[in-house]
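Data block below; observations after.
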Amino acid sequence: MARMEVIVDGLQDNPCCHHGPTVLFRKTDLNNVTIEKYYACTASRDGKCPFKVTASKIGAFQNGILHNEAERDNFTEKYDEIRNEPVSLKVYCIQCQQLLLKSRLKGHENHKLFDKLSDDILRQPTRFLAPLSMDGNEAQYFFSDSTLTCLETILKELKITKVICMGAPRLHEHLLSRTDIQSLLLDIDNRFHWFYDESFYLHYNMFNHFFFNRKRAESIFNNFLMTNGSTDQICIFTDPPFGCRTELLANTIRRINQLYNVINQFTQQILPSFWIFPYFMETYIQNELPSMEMSDYQVNYTNHRTYHNGEKSLKNGSPVRIFTNIPLDTFHLPSKEGYKWCSECHKSVHKTNQHCFKCGKCASKNGATYHHCTKCNWCVKPNYKHCNTCGRCTQVQGHICSSYKKQLTCRICLKKGHAENECTIWRSFKINKMAKTGCMVCGSKHHTVNACEKRKRILEERYFLGRYYNAINCAK
């Protein structure tokens, strides 16, 4: 099976497509031998942007694809002209997805038009804009009102005064219309030019930190990052497409954090960040940004077929969560939505998430109530049962031991392809027996195997940048 690696170093120096600097992809085989290296678009890899250049041929490629600044200035003047007219003179063409003046409808006479506009409606364009494609890297979902209220409460509780909304247009318009919190929208959807001037919206690609109108936009963005003493508290809030490469977005967050420190002459100030993503992508985020923790809050959308509270919602609720580098004990989740405070974990959790005193945490991640397996000494999903052959808990339906074992990661040596009861590396340390109850290494009932100090000492384990390493050079 081939493996795809994303190389983010030197991203700004890569050749460009219409969406800014491309990214270098490296495809390797199981022995880490390079099969192919090529540059491709960061914003769309589903064929909508056809850019793909083999790395070996890049020397002959000319960076002539990007629109020039003068061309973009003409676009901006067109947006400004219409946006500044009174609302009574405007109409929105649903078919062409653009704002028009009623006096200039030539070519749009037979199109579906939305003319019941008001200043309040124009301040909330996501309430009538058609979402972009529901798949690929431009997928667009809008937060529900309950989620917006929760996010607003969290930001106010943390005393946030400025929010950089990367791909979160509905939160942006909510903050501008309902709160005193300043917000700057960075989004690849250029339809927002019809509703916001450049002090509130910048056309932007979050996967390569590229501003389409660089001359003006970078200056505006730098000014927004500037703090006014101790009164300003800035944060990044991003709600990216779920199919995005986490390496690229994490690189953008790091670059903005570096710029934030340079502009404000800070030594090393951490910029508070919120990343909306499914719970099953937790490992991917923490591999790139180890300081990110997952909150138990279930993020809901109005236009997703299942990620919402309704008749067609998933059994355990939305799988989308808030990841943040802000300590989870510094804000509370709404009790009226079914959240409670866990005095043991010191954070808000969903009411279905029961604290396990054996594991020492509220273990549920998917919204279901987990149960503790005494053989694994681990909390598992309610539909999981222990398989003695595999030495693990797994779902019964469709379980095939031989296939399942290939996907396992040993909790002792961290090597993939076997369970703890078949760990030959553990046996090589002349430790042939594992405890039958409690921690499988030392038998303690007060911690799990991952937290076992005895195991860490024997394997000379260390933890760095979201990954575990040990003496046998195995990485998780």
Side-chain angles (χ1 to χ4, degrees), residues 11-22 41-44 49 63-85 90 97-99 101 122-123 125-126 129 132 138 161-169 171-173 175-177 181-228 232 234-238 240 248-249 251-265 271:
L11 187 67
Q12 61 271 24
D13 299 321
N14 290 350
C16 294
C17 67
H18 288 293
H19 305 99
T22 57
C41 179
T42 58
S44 176
C49 179
N63 283 2
I65 293 183
L66 281 174
H67 296 297
N68 59 45
E69 296 294 333
E71 192 175 356
R72 295 190 183 283
D73 286 344
N74 291 334
F75 289 147
T76 303
E77 290 174 6
K78 179 182 177 182
Y79 292 130
D80 290 344
E81 177 189 358
I82 295 177
R83 191 175 54 243
N84 293 331
E85 291 289 342
K90 299 173 187 177
Q97 298 192 63
Q98 67 180 82
L99 203 61
L101 293 177
L122 290 180
R123 280 193 289 267
T126 66
L129 284 180
L132 294 177
E138 287 187 350
T161 59
K162 289 183 177 182
V163 179
I164 301 166
C165 287
M166 290 201 297
L171 176 64
H172 171 69
E173 64 189 31
L175 295 177
L176 291 182
S177 60
I181 299 173
Q182 298 179 57
S183 179
L184 178 63
L185 176 62
L186 308 181
D187 203 290
I188 202 166
D189 184 355
N190 63 3
R191 295 178 299 174
F192 291 113
H193 274 306
W194 298 114
F195 312 102
Y196 304 112
D197 63 35
E198 289 180 316
S199 61
F200 297 104
Y201 163 69
L202 298 174
H203 194 197
Y204 176 80
N205 181 353
M206 71 174 77
F207 300 113
N208 56 9
H209 187 52
F210 177 75
F211 293 96
F212 287 86
N213 193 343
R214 284 171 287 183
K215 289 182 180 179
R216 289 205 298 254
E218 288 182 356
S219 175
I220 293 169
F221 182 64
N222 291 349
N223 287 334
F224 192 83
L225 279 178
M226 194 173 297
T227 61
N228 182 18
D232 276 340
I234 305 176
C235 81
I236 298 174
F237 190 100
T238 183
L248 295 174
L249 187 52
N251 184 59
T252 293
I253 291 174
R254 287 191 292 265
R255 288 178 65 181
I256 292 176
N257 204 141
Q258 292 170 359
L259 183 61
Y260 169 72
N261 280 292
V262 171
I263 289 174
N264 293 289
Q265 298 182 336
L271 195 57

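Just so you know, residue 1 is the first one in the sequence shown, and it goes up from there.
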Query - Sequence-distant partners of Y196, ring pair (Phe, Tyr, Trp, His ring centres under 6.0 Å), two or more places apart - result: H172

Query raised in the report: Would a distance-only check, ignoring hydrogens and angles, find a side-chain to backbone donor-acceptor pair under 3.5 Å from K162 to I236?
Result: no

Requested in this report: Spell out, as yes or no, whether a donor-acceptor pair under 3.5 Å connects the side chain of K90 to the backbone of E85.
Outcome: yes

Query raised in the report: Considering residues at least two apart in sequence or located in another chain, which fulfil the side-chain hydrogen bond (donor to acceptor under 3.5 Å, both in side chains) criterion with N222?
Result: none

**Report entry** Backbone of H193 reached by a side-chain donor or acceptor of R83 within 3.5 Å
**Finding:** yes

Query - Distance-only side-chain donor-acceptor flag, N205 / T42, under 3.5 Å - result: yes

Report task. Report the C-alpha separation of F221 and F211 in whole Å, then their side-chain angles, then the decisive distance to 0.1 Å, and conclude whether the ring pair (Phe, Tyr, Trp, His ring centres under 6.0 Å) test is met. Result -> CA-CA 9 Å; F221 182 64; F211 293 96; 5.3 Å; yes

Query raised in the report: Distance from L176 atom CG to I181 atom CD1, nearest 0.5 Å?
Result: 10.0 Å

Report task. Apply salt bridge (Lys or Arg N to Asp or Glu O under 4.0 Å) to D187 and list each qualifying residue two or more places apart in sequence or on a separate chain. Result -> none

Would you mind writing out the side-chain donor-acceptor pairs for residues 257-264 within the sub-3.5 Å range, not counting sequence neighbours?
{"residue": "N257", "atom": "OD1", "partner": "L271", "partner atom": "N", "Å": "3.0"}
{"residue": "N257", "atom": "ND2", "partner": "Q269", "partner atom": "O", "Å": "2.9"}
{"residue": "N261", "atom": "OD1", "partner": "Q269", "partner atom": "N", "Å": "2.6"}
{"residue": "N261", "atom": "ND2", "partner": "N257", "partner atom": "O", "Å": "2.9"}
{"residue": "N261", "atom": "ND2", "partner": "Q269", "partner atom": "O", "Å": "3.0"}
{"residue": "N264", "atom": "OD1", "partner": "T227", "partner atom": "N", "Å": "2.8"}
{"residue": "N264", "atom": "OD1", "partner": "T227", "partner atom": "OG1", "Å": "3.0"}
{"residue": "N264", "atom": "ND2", "partner": "L225", "partner atom": "O", "Å": "3.0"}
{"residue": "N264", "atom": "ND2", "partner": "Y260", "partner atom": "O", "Å": "2.9"}

Query raised in the report: Can you check whether H209 and F207 have ring centres sitting under 6.0 Å from each other?
Result: no

Query raised in the report: Shortest non-hydrogen contact from S199 to L184?
Result: O-CD1, 3.7 Å

Report task. Before accepting this row, confirm whether a basic side-chain N of the pair R123/E173 lies closer than 4.0 Å to the acidic partner's carboxylate O. Result -> no

Requested in this report: Report yes if some heavy atom in the side chain of F237 is under 4.5 Å from a heavy atom in the side chain of M166; otherwise report no.
Outcome: no

Report summary line: Sequence neighbours excluded, the answer for side-chain hydrogen bond (donor to acceptor under 3.5 Å, both in side chains) partners of T238 is none

Requested in this report: Over all heavy atoms of both residues, which pair between G20 and N208 is shortest? Give the atoms and the distance, please.
Outcome: C-ND2, 3.5 Å

**Report entry** Side-chain donor/acceptor of N14 to backbone N/O of T22, under 3.5 Å
**Finding:** yes

Requested in this report: Could you tell me whether the side chain of S219 and the main chain of K215 form a donor-acceptor pair under 3.5 Å?
Outcome: no

Query raised in the report: Side chains of L186 and M206: does their closest heavy-atom pair fall under 4.5 Å?
Result: no

**Report entry** Nearest heavy atoms of E198 and I220, plus distance in Å
**Finding:** O-CG2, 3.4 Å

Requested in this report: Grab the two heavy atoms, one from A217 and one from L202, that are nearest each other, plus how far apart they are.
Outcome: O-CD1, 3.6 Å

**Report entry** Heavy-atom closest pair, residues D232 and M226
**Finding:** OD2-O, 4.1 Å

Report task. Please identify each residue that fulfils ring pair (Phe, Tyr, Trp, His ring centres under 6.0 Å) with F200, with sequence neighbours left out. Result -> none

**Report entry** Beyond-backbone contact of H18 with C49, side-chain heavy atoms, under 4.5 angstrom
**Finding:** no

Requested in this report: For T161 and Q182, test the side chains for any donor-to-acceptor distance below 3.5 angstrom and give the result as yes or no.
Outcome: no

